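The structure under discussion appears below in the form of structure tokens.
Fair warning: this is a prediction, and the values are worked out from it, not measured in the lab. Proteins get letters first, then strands, A, B, ... in listed order; numbering begins at 1 in each.
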Amino acid sequence: MSILNSKIPSGPLADKWTNHKASLRLVSPANRKKLDIIVVGTGLSGSGAASTLGEMGYNVKVFCYQDSPRRAHSVAAQGGINAAKNYKNDGDSIFRLFYDMIKGGDFRAREANVYRAAEVSNLVIDHYTALGVPFARDYGGLLDNRSFGGVQVSRTFYAKGQTGQQCLLGGYSALIRQVQAGTVTMYPRREMLDLVVVDGRARGIITRNLITGEIESHSAHAVVLATGGYGTIYYLSTLAINSNGSAAWKAHKRGAFFANPSFIQIHPTSIPVLNNYQSKLTLMSESLRNDGRVWVPKKKGDTRNPNDIPEDERDYYLERRYPAFGNLVPRDVASRAAKERCDSGYGVGPTGLSVYLDFRDAIQKQGRKAIEDKYGNLFEMYEKITGESPYETPMRIYPAGHYTMGGLWVDYNLMTTIPGLFAIGESNFSDHGANRLGASSLMQCAGDGYFILPYTIANYLADFIHEPRLSTDLPEFKHAISEVQDRIQRLLSVNGKEPVSDFHKRLGKIMWDYCGMVRNEQGLIKAMELITDLEAEFWKNVKVPGRSTEMNQELEKAGRVADYFELAKLLCADALNRKESCGAHFREESQTETGEAKRDDENFSYVAVWEYKGGGKDPQLHKEPLTFENVKLQERSYQ
Amino acid sequence: MKIYLKIWRQKSPKDKGRFEMYPLDGVSPEMSFLEMLDYLNKTLIKEGKEPVVFESDCREGICGTCGLYINGRPHGNLRKTTTCELYMREFADGETITVEPWRAGAFPVVKDLVVDRHAFEKIMQAGGFITVNAGAAPDANTIPIPRDSFDKAFEAATCIGCGACVAACKNASAMLFVAAKVSHLALLPQGKPEAARRAKAMVAKMDELGFGSCTNTGACEAECPKGISIANIARLNREFLKANLKE
Ligand code: SF4
Ligand code: FES
């Protein structure tokens with residue numbers, strides 16, 4: 001296991017980060033401007049890292065595929081952002097937040113990382129507030145909190161149902177301030193197509209200018225990936241349609257190990273698939289489960305109008321199965337329970353693939369106004385999409401691919417197995433174990449960006465203060481460019497018949513059916529065969545129109561889908577290897593008599609870390625053992 | 001349903017551009033407007049033709065990427081709706097639908113229906129922020145904010161930067177966009193110290209970039225998908241006056 005050094009500092013859990021920070025080397029202000037740092041992605045983690053590094057005086061280059069950094073997909077996060085402020089005086093603390101995350105992640109995350117994420121959470125709230133992020137306030141003008149994601153304290157800060165948007169716009173404002181100040185150079189509409197490694201260190205990236213098609217190279221002393229998750233591997237997901245896993249995958253192929261790739265959160269409350277041409281699924285915030293009650297008819301195939309179904313003919317199955325947590329069970333539990341009901345024939349709606357989320361009782365008790373205050377914008381959004389008002393008819397919801405807990409393996413310093421390559425936010429694997437708790441993604445992303453990476457990257461850069469800028473004329477850059485160009489030519493020259501999106505959709509269906517909410521050995525093996533076949537067909541029959549030297553969205557999509565075929569196989573291999581059920585990863589072979597997930601701590605208490613061995617070769621598995629010194633491993637029970 | 005699409009095609013910023021007609025059969029009322037365009041593109045690709053280039057990302061009304069001029073109105077004719085939130089059930093069988101990019105001098109067309117909104121970035125850079133470095137902030141609850149001004153700040157903060165206000169305005173003014181940011185920050189105690197300077201710098205940048213001036217027609221408010229109120233423009237004017245008085 002020597003190959004993986006997680007660099008977890010020694011000492012008591014609560015002191016690790018403080019002591020570690022004290023031991024990290026610094027770079028003096030005068031030297032910082034001589035050091036170039038590339039940041040890819042401008043969501044909460046990327047904008048946070050870039051603006052903070054800019055404020056410190058480094059020379060930062062930031063890349064995003066959108067036309068503006070303000071549109072990164074963090075913008076769509078709805079529910080909230082956690083912090084251990086204990087403003088509610090309900091007994092919250094850093095330790096409790098840490099504990100909830102460890103338990104929520106089903107004991108598959110690193111204690112030290114999770115504790116640190118909880119520790120810096122308060123700073124994040126302070127910073128966003130100072131940047132003008134309008135988190136909800138009570139009548140006294142102080143910050144309000146709500147309970148979220150099945151925890152017993154109220155620690156979630158929120159900005160109506162658009163917390164991600166407000167945090168991101170705050171982060172964006174700090175970022176553009178640095179652009180104005182000249183410390184950050186912004187490169188919008190660029191897609192990273194390769195990582196450049198020189199003498200074993202990450203030294204730059206290759207990008208495509210999405211307007212002109214030009215292939216560009218950029219060098220730096222260090223590279224930070226803040227490129228988000230790969231949930232669009234399911235085709236339909238709650239993600240922005242251009243979100244993709246390509247940057248992380250390219251880094252993986254250049255030597256960055258990939259950890260727990262099959263840990264993907266399926267969010268229980270998305271608007272269900274309505275038609276065959278659907279391009280994405282829209283999330284309905286989990287906060288709705290605070291007041292909405294989930295049910296299906298007790299009778300199979302009951303097609304009555306939901307309002308006509310009397311109380312005693314409704315099955316409030318979450319309340320029935322999980323009396324202690326009821327509708328507030330964690331996401332993975334709620335998702336599987338919905339799937340179970342639908343698979344057994346109790347699902348509702350035209351496809352039978354949805355369940356009701358009903359606000360009737362909440363409206364009766366609290367009044368329409370109170371519900372409108374809390375969820376007005378979500379109800380509106382739902383009505384726009386479905387044409388039905390949730391004030392009058394229960395919402396219909398179904399699980400959808402949402403968040404990837406897995407990602408690039410990083411050590412405690414957030415550095416990958418390639419020296420000089422860092423991964424932050426959703427693109428790394430480190431803080432959410434096998435299942436992420438609601439409202440902890442914004443928290444982790446911002447924490448990584450503002451308050452962790454800026455310290456740890458300095459420690460790395462301290463060795464290179466005398467190193468001059470690297471010329472992009474080096475053979476390593478030239479070589480990467482020609483590989484990128486070759487692949488673009490290959491994609492364009494297939495000249496088959498089927499559009500890229502058809503392949504993507506077919507891949508998504510394979511993944512959803514065999515590597516989605518429920519997995520088993522046979523299915524995973526089958527999925528790997530199906531993916532291999534589909535990939536071969538893609539390279540024979542895909543149609544990518546247009547040229548490489550112009551704006552060409554089909555070409556962009558084709559590259560991403562081609563990467564997804566490769567990543568998809570790794571996901572299946574990982575899911576196959578992990579014969580236990582834990583968190584979002586549910587192996588049919590490993591369940592209790594009542595159908596709950598059964599963990600196997602003896603054999604699987606480790607992070608599965610995959611090394612790329614070259615095309616056509618099997619990836620190599622490395623294991624990072626997980627040890628728990630501060631919490632007791634226990635069965636995660638919500639009954 | 002069958003519809004007739006009249007779509008603006010333009011190869012590059014220099015190309016003159018023209019409308020082209022595309023009859024499209026098999027459209028379902030449940031498709032979103034953008035899914036209908038996806039479907040058109042798939043059909044075009046299969047016929048060996050160039051797909052229509054348009055932009056979108058979140059497809060749920062929050063990122064501000066999408067933005068099409070549909071039947072003469074930015075984001076189509078539903079109020080408080082982005083293009084990606086528009087569904088085909090709003091259109092009639094047999095209807096001819098005209099689709100164009102935003103038209104404004106400061107937003108040049110990149111290709112087909114895509115425009116370059118970089119000018120918004122420049123305006124934001126000029127002052128759309130609060131000066132505070134990471135790590136320097138006091139505890140978040142140090143400064144209470146009265147509900148009333150907080151609520152107004154929140155409303156202004158929901159601008160998605162789509163540019164529909166500019167596209168709707170006969171002067172192609174960016175006043176609503178600028179006013180939303182200035183108001184959001186000026187209404188919060190954290191943003192007050194820089195309020196006047198911010199207003200001045202952002203307005204100056206807007207003028208410099210070739211956006212027109214505001215003549216209070218209110219077209220922007222009517223077309224803004226987030227319902228940003230023109231009351232914000234009045235607030236911007238006050239801040240702007242303050243800035244000038246200080247000199
Ligand atoms: S003010 Fe409204 S129309 Fe203008 S950019 Fe903002 S959201 Fe779009
Ligand atoms: S695509 Fe994001 S607002 Fe329409």
Interface moiety of Ile211(A) toward chain B, non-hydrogen atoms closer than 4.5 Å
side chain
The interface call for Lys85(A) against chain B, heavy-atom contacts under 4.5 Å, is side chain
Among His184(B), Glu55(B), Arg89(B), Lys111(B), which residue forms the greatest number of heavy-atom pairs with chain A at distances under 4.5 Å?
Arg89(B)
Can you say whether Arg59(B) sits under 4.5 Å from chain A via the side chain, the backbone, both, or neither, judging by heavy atoms?
both
As an exercise: rank Gln190(B), Gln125(B), Lys181(B) by heavy-atom pairs under 4.5 Å with chain A and give me the winner.
Gln125(B)
Give, as side chain, backbone, both or neither, the part of Lys543(A) having an atom under 4.5 angstrom from any heavy atom of chain B.
both
Which of the residues Val110(B), Ile45(B), Asp139(B) is involved in the greatest number of heavy-atom pairs with chain A at under 4.5 angstrom?
Asp139(B)
Between Tyr158(A) and Asp144(A), is there a side-chain donor-acceptor contact under 3.5 Å, judged purely by atom types and distance?
yes
Proximal component of Gln78(A), with respect to chain B [non-hydrogen, under 4.5 Å]
side chain
Are any non-hydrogen side-chain atoms of Glu550(A) and Lys11(B) less than 4.5 angstrom apart?
no
Tell me which of these, Val133(A), Leu123(A), Val124(A), Asp67(A), has more heavy-atom pairs under 4.5 Å with chain B than the rest.
Asp67(A)
Are Glu155(B) and Lys152(B) close enough for a salt bridge, meaning some N to O gap below 4.0 Å?
no
Does a side-chain N-to-carboxylate-O contact under 4.0 Å join Arg560(A) and Glu556(A)?
yes
When you compare the side chains of Thr131(B) and Glu194(B), does any donor N or O come within less than 3.5 Å of an acceptor on the partner?
yes
Charged N-O contact under 4.0 Å between Asp38(B) and Lys42(B)
no
When only pairs under 4.5 Å are counted, which of Gln180(A), His127(A), Glu55(A), Arg177(A) shares the most heavy-atom pairs with chain B?
Arg177(A)
Establish, from distance only, whether the side-chain atoms of Asp57(B) and Thr65(B) form a donor-acceptor pair under 3.5 Å.
no
Using distance alone, with no hydrogens and no angle criterion, decide if Asn276(A) and Tyr39(B) have a side-chain donor and acceptor under 3.5 Å apart.
no
Identify which part of Asp138(A) has an atom lying under 4.5 Å from any heavy atom of chain B, answering side chain, backbone, both or neither.
backbone
Tell me whether the rings of Phe177(B) and Phe120(B) are parallel (<30°), tilted (30 to 60°) or perpendicular (>60°).
parallel
Per-residue contact mode, Ser12(B) against chain A (heavy atom under 4.5 angstrom)
neither
Would you mind checking which part of Ile143(B) comes under 4.5 Å of any heavy atom in chain A, side chain (CB onward), backbone (N, CA, C, O), both or neither?
backbone
Flag yes if more than 12 heavy atoms outside Tyr455(A) fall under 6.0 Å of its OH atom; otherwise flag no.
no
So for atom NZ, which belongs to Lys505(A), do other residues, nucleotides or ligands contribute more than 12 heavy atoms lying within a distance under 6.0 Å?
yes
Please flag which part of Ser56(B) lies under 4.5 Å from any non-hydrogen atom of chain A: side chain, backbone, both or neither.
both
At a heavy-atom separation under 4.5 Å, does Tyr65(A) approach chain B through its side chain, its backbone, both, or neither?
side chain
Test item: side-chain donor near acceptor, Glu121(B) and Tyr172(A), under 3.5 Å
yes
Chain A contacts, top residue of Thr81(B), Val132(B), Leu44(B) (heavy-atom pairs, under 4.5 Å)
Val132(B)
Can you tell which part of Ala153(B) gets under 4.5 Å to a heavy atom of chain A, answering side chain, backbone, both or neither?
neither
So which part of Ala136(A) gets closer than 4.5 Å to some heavy atom of chain B, the side chain, the backbone, both or neither?
backbone
Chain B contact via Ser51(A) - which portion, at a heavy-atom distance below 4.5 Å
neither
Is chain B contacted by the side chain of Leu142(A), its backbone, both, or neither, given a heavy-atom distance below 4.5 Å?
both
Any side-chain heavy atom of Phe54(B) sitting closer than 4.5 Å to one from Thr83(B)?
no
Which bit of Leu188(B) is near chain A, if near means a heavy-atom gap under 4.5 Å: side chain, backbone, both or neither?
side chain
Which atoms of Glu498(A) approach chain B - backbone, side chain, both or neither, heavy atom under 4.5 Å
neither
If I measure from the heavy atoms of chain A, does Val27(B) come under 4.5 Å with its side chain, its backbone, both, or neither?
neither
Please check if any side-chain donor atom of His402(A) sits under 3.5 Å from a side-chain acceptor atom of Thr238(A), or the reverse.
yes
